[in-house]
Amino acid sequence: MADDIRFFELNTGAKIPSVGLGTYAVHGNTITTAVKAGYRHIDCASMYGNEEEIGFALQELFDNGVVKREDLWITSKLWCTHHLPEDVPEALSKTLQDLQLDYVDLYLIHWPASVKKGSVRVTPENLTHPDIPSTWRAMEALYDSGKARAIGVSNFSSKKLGDLLEVARIMPAVNQVESHPVWQQPKLHAYCQSKRIHLSAYSPLGSQGGGGNVEKKVLENPVLKTVAKQLGKSPAQVALRWGLQMGHSLLPKSISEARLKENLDIFNWSIPDDLFTKFSQIEQARETS
């Protein structure tokens, strides 16, 4: 299991880089640093409010010959305010304009929830009844147009995925969800695997929301610390390598150059089977879906 696992093949045949950079609250200089460090997958979203800044950073990298457009995998996401079929192409057009790109490699429905157009926050009074089949048909049209070379979803449970698969003409290529050793989501993992939907993990080192610092629970977990000590790696590297060996692409986030490089140093070694099985003993922070 010490193979590189640099890419995962999607059901479209495209190969998604196995490690990307999460860009929530990230500035353009971090994009530049990450790409120069070796990152080839940038995970964006209109809701993050920084796609225009990321676009300028990408153009500078292209203009300076650091990378070509085809060297990078760019993901973005449709926000909850633009679920109406007529609003979906408008949302992607704005993202492409901000990122200064002709296409994205992957476009995701950010959440299986919709709110009134113009809403600043997702609050109970702003919620509308989602019509995921209609939204998905508009996503399929973007795939047909070539402006989104793959389409998928984010934060979908097995049930919501199953409902979508009943009406989808084009299978979702990816389901991006929070996943890490303290929230492994084994049922969702198995379901996605059975349907050939790739699972991509955001917050693979844990999140800081949800009523507690899950990142601390991940990095200070006794199993992780024991495995890390035995392998001579950091707990963060072990958590990320676990995700790779589970078959997930990973979207860690950092603004530290040293940490960015550390998070990429998860290839050419592996967690042996006898240690890997210990991860199933880790107490889970939340219910699985």
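Residue numbers run from 1 in the order of the sequence given. For clarity, every value in this text was computed on a predicted model and none was experimentally measured.
Within a 6.0 Å sphere centred on CZ of Arg121, heavy atoms belonging to other residues, nucleotides or ligands number 12 at most. Within 6.0 Å of the CD atom in Glu60, the count of heavy atoms belonging to other residues, nucleotides or ligands does not exceed 12. In this structure, Asp63 places its CG atom where more than 12 heavy-atom neighbours from other residues, nucleotides or ligands lie under 6.0 Å away. For Ile255, the CD1 atom sits in a loose shell: 12 or fewer heavy atoms of surrounding residues, nucleotides or ligands are nearer than 6.0 Å. A 6.0 Å sphere centred on CD of Glu283 holds no more than 12 heavy atoms belonging to other residues, nucleotides or ligands.
When only modelled atom types and interatomic distance are considered, Thr32 and Asn29 share no side-chain donor-acceptor pair under 3.5 Å. Under the 3.5 Å distance criterion, with hydrogens and angles disregarded, no donor-acceptor pair is assigned to the side chains of His198 and His248. There is no side-chain donor-acceptor pair under 3.5 Å between Ser179 and Gln184. In this structure, a donor-acceptor pair under 3.5 Å is present between the side chains of Gln176 and Asp43. In the model, Ser76 has a side-chain atom that pairs as donor or acceptor with a side-chain atom of Glu51 under 3.5 Å. In this structure, a donor-acceptor pair under 3.5 Å is present between the side chains of Arg241 and Gln245. Asn263 and Tyr39 form no side-chain donor-acceptor contact under 3.5 Å, judged by distance and modelled atom types alone.
For the pair Trp79 and Val122, the tightest heavy-atom approach, listed with the atom from each and the gap, is CZ2-CG2, 3.6 Å. Contact record, Phe56 with Gln100: CD2-NE2, 3.3 Å, taken as the closest heavy-atom pair. The shortest non-hydrogen separation linking Lys253 to Ala25 is NZ-CB, 4.3 Å. Nearest heavy-atom pair, Leu99 versus Cys44, reported as atom, atom and distance to 0.1 Å: CD2-SG, 4.3 Å. The nearest pair of heavy atoms linking Ile197 to Pro172 is CG1-O, 3.5 Å. Residues Pro17 and Ser249 come closest through the heavy atom pair O-CB, 3.9 Å.
Judged by the 6.0 Å distance and 45° axis criteria, Arg69 is not positioned over the aromatic ring of Phe62.
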Item to complete: Tell me, with the steps shown, if Phe156 and Leu108 meet side chain to side chain contact (heavy atoms under 4.5 Å, CB included).
Response: CA-CA 11 Å; Phe156 271 53; Leu108 307 175; over 6 Å; no

Discussion item. Does Asn126 form a side-chain hydrogen bond (donor to acceptor under 3.5 Å, both in side chains) with Thr123? I'd like the steps, not just the answer.
Written reply: CA-CA 5 Å; Asn126 289 335; Thr123 58; 3.0 Å; yes

Worksheet item: Please walk me through it: do Ile266 and Ile5 pass side chain to side chain contact (heavy atoms under 4.5 Å, CB included)?
Response: CA-CA 10 Å; Ile266 56 173; Ile5 325 182; over 6 Å; no

Worksheet item: Could you go step by step and tell me if Thr75 and Ile42 meet the side chain to side chain contact (heavy atoms under 4.5 Å, CB included) rule?
Response: CA-CA 6 Å; Thr75 296; Ile42 309 296; over 6 Å; no

Practice prompt. Start with the C-alpha gap between Ile170 and Met139, add the side-chain angles, then the distance that decides, and say whether side chain to side chain contact (heavy atoms under 4.5 Å, CB included) holds.
Written response: CA-CA 9 Å; Ile170 297 169; Met139 296 283 286; over 6 Å; no

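Interatomic distance, Ser119 OG to Leu127 CG, rounded to the nearest 0.5 Å: 8.5 Å. Considering CG of Leu84 and OG1 of Thr135, their distance stands at 7.0 Å, rounded to 0.5 Å. From Leu92, atom CG reaches atom CD of Glu90 across 11.0 Å, with rounding to the nearest 0.5 Å. Distance CD1/Ile16 to OG/Ser200: 5.0 Å, rounded to 0.5 Å.
Hydrophobic clustering (ILVMFWY, side-chain heavy atoms < 4.5 Å, transitive): Ile109 and Tyr103 are in distinct clusters. Both Phe8 and Leu72 sit in one connected hydrophobic cluster of ILVMFWY residues. Membership requires side-chain heavy atoms under 4.5 Å apart, directly or through other members. Under the 4.5 Å side-chain heavy-atom criterion for ILVMFWY residues, a single connected hydrophobic cluster contains both Phe276 and Leu205.
Put simply, the side chain of Val153 does not reach to within 4.5 Å of the side chain of Pro112, judged on heavy atoms. For the pair His83/Leu78, a side-chain contact is recorded, criterion being any heavy-atom separation below 4.5 Å from C-beta on. Using a 4.5 Å heavy-atom threshold, the side chains of Gln185 and Val177 count as touching. Trp242 places none of its side-chain heavy atoms less than 4.5 Å from the side chain of Ile282. Using a 4.5 Å heavy-atom threshold, the side chains of Phe267 and Ser18 count as touching. The shortest side-chain heavy-atom distance between Leu251 and Thr23 does not fall under the 4.5 Å cut-off. Here the side chains of Leu161 and Ser158 are not in contact, with every heavy-atom distance at 4.5 Å or above.
The side-chain hydrogen bond (donor to acceptor under 3.5 Å, both in side chains) test with Ser234 singles out one residue from Arg259, Lys225, Glu262, and that residue is Glu262. Pro181 pairs in a side chain to side chain contact (heavy atoms under 4.5 Å, CB included) with only one of the listed residues (Leu224, Val227, Leu219), which is Leu224.
Taking the six-membered ring where tryptophan is involved, the planes of Trp73 and His41 are perpendicular, since the angle between them exceeds 60° and thus also 30°.
The pair Lys117-Asp87 counts as a salt bridge, with a side-chain nitrogen and a carboxylate oxygen less than 4.0 angstrom apart. For Asp273 and Lys278, the salt-bridge test fails: no basic side-chain N is under 4.0 Å from an acidic carboxylate O. By the 4.0 Å N-to-carboxylate-O rule, Lys261 lies too far from Asp265 to be salt-bridged with it.
A distance-only check finds no donor-acceptor pair linking the side chain of Asn50 to the backbone of His27 [under 3.5 Å].
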